[in-house]
Structures are given as structure tokens and as C-alpha cells.
Amino acid sequence: MSGSKIPQSLSRKLWVVGALYFAEGAPYGFINITLSVYFRSQGMPLEQIGFLSILGLAWSLKLLWAPLVDRFGRRAAWIVPAQVLCAMCMALVPYYSVSPAPWGFWVLIGCLCLASATQDIAIDAYTIDLLETKELGIANGVRMGAYRVALIAAGGGLIMLSEAVGWRASFVGAALLMGVMALVVFCCPDFQRPRLYPSASKPQAPQVWRQLVEAVQGVRQLPHVWAVILFILLFKLGDSWMGSMVSPFWVDMGFSRTEIGLISGSFGAVATIVGSLVGGCCTSRWGIAPALFVLGAFQALSNLGYWLAAWPGVWRYTTYLASLGESFTGGMGSAAFMAFLMSLCDKRHSATHYAFYSMLFGLTRSLAGYLGGLSAARFGYELFFLYTFLAALPAFALLPWILPVVRQREAVIEEIAEDA
């Protein structure tokens, strides 16, 4: 099948993408939503909760082993073992005390982050191989929607479940969920298809290091590459900085676990699903370049909702509205941003290229998340949320260089598709 299109209708592709990104979103929701509430409810200080974002550097460093995913084995051969390891780690979490947490606990969480990052590499690469450029907009809407459904299950849903059955039983349930997804990938023939560009089957295939160098050289050939890198680093800065402290904010404001799970977790995830689908449709209709500007602006403005919610004596339900608004606009912005990242990838190095780009915004997410705990503790929530809005603005100054790059990449990819 090398060099040929995968013989699937768009609707079938969307089902595959949905299943993949449900599996990808479950560990992320568990780590970044459920664990944050779990840690705070167990008395862990904000500074230590912020350390969770440092372990999230596994998503940033995945470029180091992404060439292995490009070179060896089918995508499912990487996805299934990673999902099994995620399930095992989730099941073991409640057996450790987190106040204070021993070093062995942080090793366990590090393994969970590493396994989750590895499945992300293979899933992202498979999706890039599967989709054509014209399908990226709507597919990224479905992708973000499925991802957020997983966040409902492994985030808000798990938090609500914990109030009824306890944390230990809830974490075992999350582990079983990941086990089921591993079984789906293992048994479904769609995930066993050969890659579009199976580099490992080529004669005289380059060494892994050489393949990494070639992939990076492809990135360097992008026009205005410095602006592209800075834009990827900055586009989600405000969103990531704020997001790390949303769950602790709900706890400190006195909301119950049911409220946190229902509004911030479940309803927020539904709002993101709707936002991602709307954003995906807008991206397909308008094109990636206009969508980045318009949807990115809504994403930045939504941070001001939490700023208002943090004012002393403000109406209690302002926090509800802030959560739903931030989730909806975040979904719209993410749909355009992910389509932008995928458009930059060469399918011959899809795993490595996407790992590099996601490394950049993952680095921002991890460092901003760690600084979030320190900043919220130092400035208080009101000033902290205002600063996160201001941090979202510098990315827009780069758009004069970014928009021509997007249009050029869309033209190149369409030309390659026509030649094929």
C-alpha cells in the first residue's frame, strides 16, 4: 500500500479517529484533571501539584523516541503496550499516600506520563497518515470531540464517581477503561493497516539518528521557521498556564466534588466537544489561516471569565459560566491549532514531525503548568487569571509571518496529492 491512499470513506476514517483519540484523552484527563483534584483533596500543597506538570515533560521529550515509531513496527504495536502500561499505573495510584508523596509514587506517575506520550506518538502519526489535507478540519473537530469525551469519563466522571464509591474503586475503573481500549485497538483491523510510508521496508533505510536529522532538516526548510516555532510555543501559553490551576481553584472556592466533576469536568468537556466540532467546521470552511486568528482570539478572551469569577463576593455561578465559556472557546482554538500542526508535517516523517511540533507546545504546557502553582500561590487567583490572559496575546503578533506559511503549506500538500 506504499504511496497509495487508504481505501476508506471519510465517515469510516472519522470513526477510527474518534476511537483513537478517546484512548489518547483518557490518560490525559486522569493525570491533569482527576489527579489534581485528588491531590488537593488529600492535602497536597499547590507547589507540589504544579510538579505534576514537570512530569508532563514526557510529552515534550517524545521527539527523542518518535523516530523509533516511524521506523519500526505497525502503529498498533506501539499503541497497545502503552495502553496496557497506562492501565497498570492507574490501578496502582491509590495504594500510595500522597501527603507527603514518596519518590516511588512520582516514578509511577512518570511511567504513566511516558506510556501516555508514547501512545500519543503512534496515534498522531497514524492519523496524519490516514487523512488528506481537505479532511483535517472536520477530522480535527471529531478528534477533539472524542478526546473530550474521554476527559468526561476519566476526568469529571471519575471525580463524581469517587464521591460515591471512593478514590480506589474509581481509579481501578479508569484502569479497566484503558484495558478495554487496548483490546479494541488490538482486535480492530483498521489499526493493523500498513503505514502509508513504511520506511522500515525501504531498502537501505537510514539509521534512526539519520532519520531524525532528515526530519529536523525538513522542519528547517519551512519559511519563517523561527516564527513558526515561536507561534507554537506561544499559542497555548495562556490557556496552559491557567488550566493547571482550574481544578485547585474550584476546590479552594468550596465547590463540592460533584460540582467539580459535573460542571468543570463533564459539562466543561461537553462544551469543549461542541467547540471543537464548531471549530473544525469553521477551519474546513474558512481555511486554517483565518481560523487561527478568529478562534484563537476567542480562546484568549475566555481567560477573563475566570478572572471575573475570582473576584471577592462575585456571584457563585460566574464560575460555572467561566468554565463553560473557557471550555467551548478552548475547543474551537484547539481544532484550528491541531489542523495547523498537521499541515506542517511531511507524511514520510509524520511521527517525528508531529512529535517535534507537539514537543514545543507540550514544553509550554509543562513549564506553564509548573509555574501556575507558584504564580497562583504568590499572586492569588484574581491576578493570576488576569496574567494568563495577557500571556495569550504575544502569539497574535506573529500572525503576519504565520499566515503565509499556512497558505504555502496547503498549496504544497495539495500539489503532492495531485501528483500521487
Item to check | Separation of F337 CZ from Q299 CD (nearest 0.5 Å) | outcome: 9.0 Å
Item to check | Set of ring-ring contact (aromatic ring centres under 6.0 Å, His included) partners for W167, sequence neighbours left out | outcome: Y38, F171
Can you list, pair by pair, the side-chain donor-acceptor contacts under 3.5 Å of residues 20-30, counting residues two or more places apart and other chains?
unit_1: Y21; atom_1: OH; unit_2: D124; atom_2: OD1; d: 2.7
unit_1: Y21; atom_1: OH; unit_2: T127; atom_2: OG1; d: 3.3
unit_1: Y21; atom_1: OH; unit_2: R143; atom_2: NE; d: 3.4

Item to check | For S302, all residues meeting side-chain hydrogen bond (donor to acceptor under 3.5 Å, both in side chains), sequence neighbours excluded | outcome: T329
Checklist outcome for this item: Closest non-hydrogen atoms of P290 and G287, given as atom of the first, atom of the second and distance, are CD-O, 3.4 Å
Next on the checklist: Checking W241 now: which residues fulfil side-chain hydrogen bond (donor to acceptor under 3.5 Å, both in side chains) with it, not counting sequence neighbours?
Outcome noted: none
Next on the checklist: Heavy-atom count check: over 12 atoms from other residues, nucleotides or ligands less than 6.0 Å from F293 CZ?
Outcome noted: no
Checklist outcome for this item: Residues at least two apart in sequence or cross-chain that pass side-chain hydrogen bond (donor to acceptor under 3.5 Å, both in side chains) with S334, listed by chain then number, are K236
Checklist entry - Can you name the nearest heavy-atom pair linking A122 to I79, along with the distance? => result CB-CG1, 3.6 Å
Next on the checklist: Once rounded to the nearest 0.5 Å, what's the spacing between atom CE of M90 and atom CG of L85?
Outcome noted: 10.5 Å
Anything under 3.5 Å between a donor and an acceptor, one on a side chain of residues 109-117, the other on a protein residue two or more places apart or in another chain? List them.
none

Checklist outcome for this item: Nearest heavy-atom contact between W106 and L55 is CE3-CD1, 3.5 Å
Checklist entry - Quick one: does L183's side chain get under 4.5 Å of Q83's, heavy atoms only? => result no
Checklist entry - If we only count heavy atoms from C-beta on, is the I121 to W78 side-chain gap below 4.5 Å? => result no
Item to check | Straight-line distance of T272 OG1 to E326 CD, nearest 0.5 Å | outcome: 7.0 Å
Checklist outcome for this item: Heavy-atom nearest pair, V142 first then L14, reads CG1-O, 3.6 Å
Item to check | L324 CG to F267 CZ distance, which is reported to the nearest 0.5 Å | outcome: 8.0 Å
Checklist entry - With sequence neighbours excluded, what pairs up with F231 under the ring-ring contact (aromatic ring centres under 6.0 Å, His included) test? => result F235, F340
Checklist entry - If you look at every heavy atom in V84 and A182, which pair is closest and at what distance? => result CG2-CB, 4.2 Å
Checklist entry - In chain order, what residues pass the salt bridge (Lys or Arg N to Asp or Glu O under 4.0 Å) check against D120, with sequence neighbours excluded? => result none
Checklist entry - In Å and rounded to the nearest 0.5 Å, what is the CZ to OG distance from F328 to S323? => result 13.5 Å
Checklist outcome for this item: So side-chain hydrogen bond (donor to acceptor under 3.5 Å, both in side chains) across residues 285-294, not counting sequence neighbours, yields none
Checklist entry - Between I232 and L344, does a side-chain contact (heavy atoms from CB on, under 4.5 Å) hold up when you go through it step by step? => result CA-CA 11 Å; I232 294 172; L344 299 177; 4.3 Å; yes
Item to check | Qualifying residues under side-chain hydrogen bond (donor to acceptor under 3.5 Å, both in side chains), relative to S240, sequence neighbours excluded | outcome: none
Checklist entry - Distance only, no hydrogens: is a donor on one side chain within 3.5 Å (strictly under) of an acceptor on the other, for W250 and T319? => result no
Item to check | Minimum-distance pair of heavy atoms, taken over all atoms of L295 and C282 | outcome: CD1-CB, 4.4 Å
Item to check | side-chain contact (heavy atoms from CB on, under 4.5 Å) between I263 and F255, intermediate numbers included | outcome: CA-CA 10 Å; I263 305 300; F255 291 98; over 6 Å; no
Item to check | Pairwise side-chain contact, F384 with R378, heavy-atom cut-off 4.5 Å (strictly under) | outcome: no
With a cut-off of 3.5 Å and sequence neighbours excluded, list every side-chain donor-acceptor pair involving residues 387-404.
unit_1: T388; atom_1: OG1; unit_2: N303; atom_2: ND2; d: 3.2
unit_1: T388; atom_1: OG1; unit_2: F385; atom_2: O; d: 2.6

Checklist outcome for this item: Output for pair (I159 CD1, E259 CD), nearest 0.5 Å, gives 12.5 Å
Checklist entry - Any side-chain heavy atom of Y381 sitting closer than 4.5 Å to one from P248? => result yes
Next on the checklist: Once side chain to side chain contact (heavy atoms under 4.5 Å, CB included) is applied, do any residues pair with L386, and if so which ones, sequence neighbours excluded?
Outcome noted: L304, W307
